Amino acid sequence: MFEFKVIAQCPVTGARAGELITPHGIIHTPVFMPVGTLASVKAIQPRELEEINAQIILGNTYHLYLRPGSEVIANSGGLHSFMNWNRPILTDSGGFQVFSLAKLQKITDEGVLCRSHIDGSQLTMSPEWSMRMQRVLGSDIAMCFDQCCEFPATHEKAEEAVRRTTLWAERSLKCFNSENDSERQTLFGIVQGSVYDDLRLRSAEEITAMGFKGYAIGGLSVGESHEAMYHSLDVLNGVMPEDKPRYLMGVGYPLNIIEGIARGIDMFDCVMPTRNGRNATVFVSTGRLNMRGKSHANELIPLDSDCDCYTCRNFTRSYLRHLAVCGEILGSELFSLHNLRFTIRIAELARQAIIAGNFPKFMEDFKEKFNDDNSISS
RNA sequence: GGCGGAAUGGCCGAGUGGUCAAUGGCAACAGACUGUAAAUCUGUCGACGGGAGUCUACCAUGGUUCGAACCCAUGUUCCGCCA
């Protein structure tokens with residue numbers, strides 16, 4: 001039970017609006033997916049996620065394997081019922097932890113020999129390990145176990161990651177096909193290649209040849225410039241299958257999402273809305289605000305008067321700044337809620353614009369209004 | 001009234017003759033955060049100056065010393081204990 005169709009496309013940019021049918025519901029794309037690594041979107045309740053129209057969320061294989069472990073989740077009948085989330089879930093394979101926990105491990109073609117960041121105990125991550133854990137989790141979309149390499153990486157290093165990612169994709173697919181229930185779950189492939197055009201093209205060719213139901217672009221937003229990211233997306237835009245969903249992993253930042261959509265991306269996920277929210281930085285239509293800043297102490301206006309979220313409908317910046325300065329948990333919650341809604345809404349508005357045929361204008365207006373000099377400048 | 005102890009930068013608190021504009025912590029202010037080892041991390045934090053540097057500073061005043069936050073004397077205030 002899995003189907004994707006493009007229902008509208010921007011004739012100028014190629015931006016797509018689509019529908020992704022999954023066992024837990026239809027996802028309207030482009031879509032932003034909140035990250036709920038440990039079966040929890042940090043500081044946000046499931047009912048709030050529904051309220052801000054989160055259509056699908058992420059969980060993480062590595063983290064859920066360590067805690068609570070597959071038995072506890074199996075005992076609850078899978079991740080959906082365990083965390084009381086009845087909409088779609090996508091699980092990351094643990095591949096990203098190959099990158100983010102690099103100091104704790106040794107990588108070979110066989111897999112990743114890793115030490116738990118919790119207690120130092122040893123475990124081996126592999127494509128088969130990941131597929132089996134994701135089967136227990138019961139996510140609607142499972143991801144191949146890949147190798148996300150660091151940035152900057154030499155061509156040689158990046159090539160090794162591409163080769164290994166293909167090898168692991170073959171093993172992921174084989175294991176998935178023989179053990180997982182394709183009625184309940186589907187598997188996406190991941191393209192690597194760092195910022196090297198030849199490697200991106202080679203990885204895309206190798207991965208798409210395997211016939212996955214969707215394709216992710218991994219290994220970006222790891223420190224490269226925005227231009228480099230956009231360039232890689234441009235390179236891939238021409239070779240990714242038109243009839244399959246395209247998922248840009250780990251993005252993100254509002255302008256990156258817009259630019260990604262303009263380059264044919266359908267799905268995004270990122271910790272930025274929730275992490276920045278907990279750290280009191282919010283995204284608004286005019287840019288970015290550090291809500292610990294003294295300049296907001298007496299502002300009796302919402303974070304963003306254009307936003308329809310609970311935070312913006314009910315609280316002043318003055319109060320929110322107070323919560324931020326005092327480190328009150330409520331501040332983390334309200335900021336995270338706003339940032340998620342703001343980010344989700346970007347995708348919603350982009351979708352509307354694509355369908356209405358005015359995506360280029362939407363993009364232009366958004367970029368003109370959104371000023372962020374301090375950001376990771378391109 | 002007697003005896004003992006203490007006074008350090010916005011606050012708490014180290015330092016007990018030179019390497020002290022003075023360790024730490026807190027507060028304050030600023031910045032970072034992109035498939036989450038993050039309710040985390042980084043920076044600034046006496047004044048002036050772009051900087052070199054200059055000035056003012058460890059309760060007050062006086063003294064010892066080449067040199068004092070640090071030693072001595074007196075005073076002030078605070079805290080104990082005894083009458």
Side-chain angles (χ1 to χ4, degrees), chain A residues 32-44 56-64 66-67 90-105 114-120 130 139 141-149 151 165 188 190-192 216-226 229 247-257 259-260 265 267-283 288-297 321 323-336 339 343 372-377:
Chain A
F32 176 80
M33 310 182 283
V35 178
T37 306
L38 278 161
S40 155
V41 176
K42 294 185 193 296
I44 301 293
I56 170 173
I57 62 173
L58 262 69
N60 184 280
T61 299
Y62 167 82
H63 289 281
L64 292 169
L66 291 181
R67 293 189 303 199
L90 181 150
T91 43
D92 190 22
S93 61
F96 186 70
Q97 280 61 46
V98 175
F99 158 76
S100 64
L101 301 171
K103 286 147 285 199
L104 297 171
Q105 54 201 220
C114 177
R115 290 207 169 271
S116 156
H117 71 282
I118 308 280
D119 63 4
S130 181
S139 52
I141 301 170
M143 299 301 299
C144 279
F145 189 67
D146 65 326
Q147 182 180 349
C148 175
C149 77
F151 181 87
T165 293
F188 277 21
I190 303 176
V191 173
Q192 288 289 341
I217 298 165
L220 290 176
S221 65
V222 290
E224 78 285 2
S225 70
H226 287 184
M229 181 197 295
Y247 163 27
L248 177 56
M249 307 185 83
V251 170
Y253 177 69
L255 292 173
N256 292 168
I257 291 176
E259 297 286 353
I265 302 297
M267 305 165 70
F268 302 85
D269 80 283
C270 194
V271 305
M272 191 175 269
T274 44
R275 179 180 289 169
N276 280 27
R278 289 195 306 285
N279 296 327
T281 294
V282 296
F283 296 101
R288 191 165 64 150
L289 305 173
N290 177 352
M291 287 308 297
R292 279 194 279 247
K294 190 168 193 160
S295 60
H296 305 299
R321 186 264 177 179
L323 295 179
V325 165
C326 296
E328 282 291 327
I329 295 175
L330 182 59
S332 295
E333 295 172 355
L334 294 175
F335 291 136
S336 296
N339 279 345
T343 310
D372 194 354
D373 300 336
N374 296 326
S375 83
I376 338 153
S377 64

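To find a chain, count down the sequence lines: A is the first, B the second, and so on, and within it residues start at 1. Just so it is clear, the model here is predicted, and its values are computed rather than measured.
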Could you label the plane-to-plane angle of the Tyr253(A) and Phe283(A) rings as parallel, tilted or perpendicular, counting under 30° as parallel and over 60° as perpendicular?
-> perpendicular
Would you say [N] has OP1 or OP2 under 4.0 Å from some side-chain N or O of [X]?
X	N	value
Asn60(A)	rU36(B)	yes
Arg275(A)	rU40(B)	no
Gln97(A)	rA37(B)	yes
Arg321(A)	rC29(B)	yes
Asn256(A)	rU34(B)	no
Arg288(A)	rA32(B)	yes
Ser100(A)	rA37(B)	yes
Thr37(A)	rU36(B)	yes

Between [N] and [M], how many Å separate the two [atom1] atoms, rounded to a whole number?
N	M	atom1	result
rG1(B)	rG15(B)	C1'	36 Å
rU19(B)	rG10(B)	P	22 Å
rA68(B)	rA21(B)	C1'	15 Å
rU40(B)	rC33(B)	C1'	9 Å
rC72(B)	rU65(B)	C1'	12 Å
rC79(B)	rG25(B)	P	31 Å
rA22(B)	rG46(B)	C1'	11 Å
rU8(B)	rA14(B)	C1'	9 Å

Report the C-alpha separation of Leu66(A) and His117(A) in whole Å, then their side-chain angles, then the decisive distance to 0.1 Å, and conclude whether the side chain to side chain contact (heavy atoms under 4.5 Å, CB included) test is met.
-> CA-CA 9 Å; Leu66(A) 291 181; His117(A) 71 282; 3.8 Å; yes
Using only modelled atom types and a 3.5 angstrom limit, is any donor from either the side chain of [X] or the base of [N] paired with an acceptor on the other?
X	N	answer
His117(A)	rU36(B)	no
Arg67(A)	rU36(B)	no
Asp92(A)	rG35(B)	yes

Spacing between [X] atom [atom1] and [N] atom [atom2], to the nearest angstrom:
X	N	atom1	atom2	result
Leu66(A)	rU36(B)	CG	P	13 Å
Phe151(A)	rC33(B)	CZ	P	15 Å
Met291(A)	rA32(B)	CE	P	15 Å
Asn279(A)	rA30(B)	CG	P	15 Å
Leu101(A)	rA38(B)	CG	C1'	13 Å
Leu64(A)	rU36(B)	CG	P	10 Å
Met143(A)	rG35(B)	CE	P	14 Å
Asp269(A)	rU34(B)	CG	P	12 Å

What is the nucleic acid contact for [X], judged by heavy atoms within less than 4.0 Å: base, sugar-phosphate only, or nothing?
X	answer
Gln192(A)	base
Glu328(A)	nothing
Gly293(A)	sugar-phosphate
Val222(A)	nothing
Asn276(A)	base
Leu38(A)	nothing

5'-most contact on RNA chain B (nearest-nucleotide basis), Asn290(A) vs Met249(A), goes to Asn290(A)
Starting at the 5' end of RNA chain B and moving along, which residue's nearest nucleotide shows up first, Thr281(A) or Gly327(A)?
-> Thr281(A)
Looking only at the side chain of [X] (C-beta and beyond, no hydrogens), which of the listed nucleotides [options] gets closest?
X	options	value
Lys42(A)	rU36(B), rA37(B), rG35(B)	rU36(B)
Arg292(A)	rA39(B), rA32(B), rG35(B)	rA32(B)
Val35(A)	rU36(B), rA28(B), rU34(B)	rU36(B)
Lys103(A)	rU34(B), rA37(B), rG35(B)	rA37(B)

If pairing requires Watson-Crick or G-U wobble contacts with both distances under 3.5 Å, which nucleotide is the partner of [N]?
N	value
rG46(B)	rC55(B)
rU40(B)	rA32(B)
rC71(B)	rG63(B)
rG1(B)	rC82(B)
rG17(B)	none
rU76(B)	rA7(B)

What distance separates [X] [atom1] from [Y] [atom2], expressed to the nearest 0.5 Å?
X	Y	atom1	atom2	result
Gln97(A)	Leu104(A)	CD	CG	11.0 Å
Phe151(A)	Ser221(A)	CZ	OG	11.5 Å
Cys270(A)	Met249(A)	SG	CE	12.0 Å

Please step through side chain to side chain contact (heavy atoms under 4.5 Å, CB included) for the pair Asp146(A) and Gln192(A), ending with a clear verdict.
-> CA-CA 8 Å; Asp146(A) 65 326; Gln192(A) 288 289 341; 2.7 Å; yes
Aromatic ring proximity Phe96(A)/His63(A), centre distance under 6.0 Å = no
Within a strict 4.5 Å, meaning less than it, do heavy atoms of the Ile265(A) and Ile217(A) side chains meet?
-> yes
Worked verdict on Tyr62(A) versus Leu101(A) for side chain to side chain contact (heavy atoms under 4.5 Å, CB included) = CA-CA 11 Å; Tyr62(A) 167 82; Leu101(A) 301 171; 3.3 Å; yes
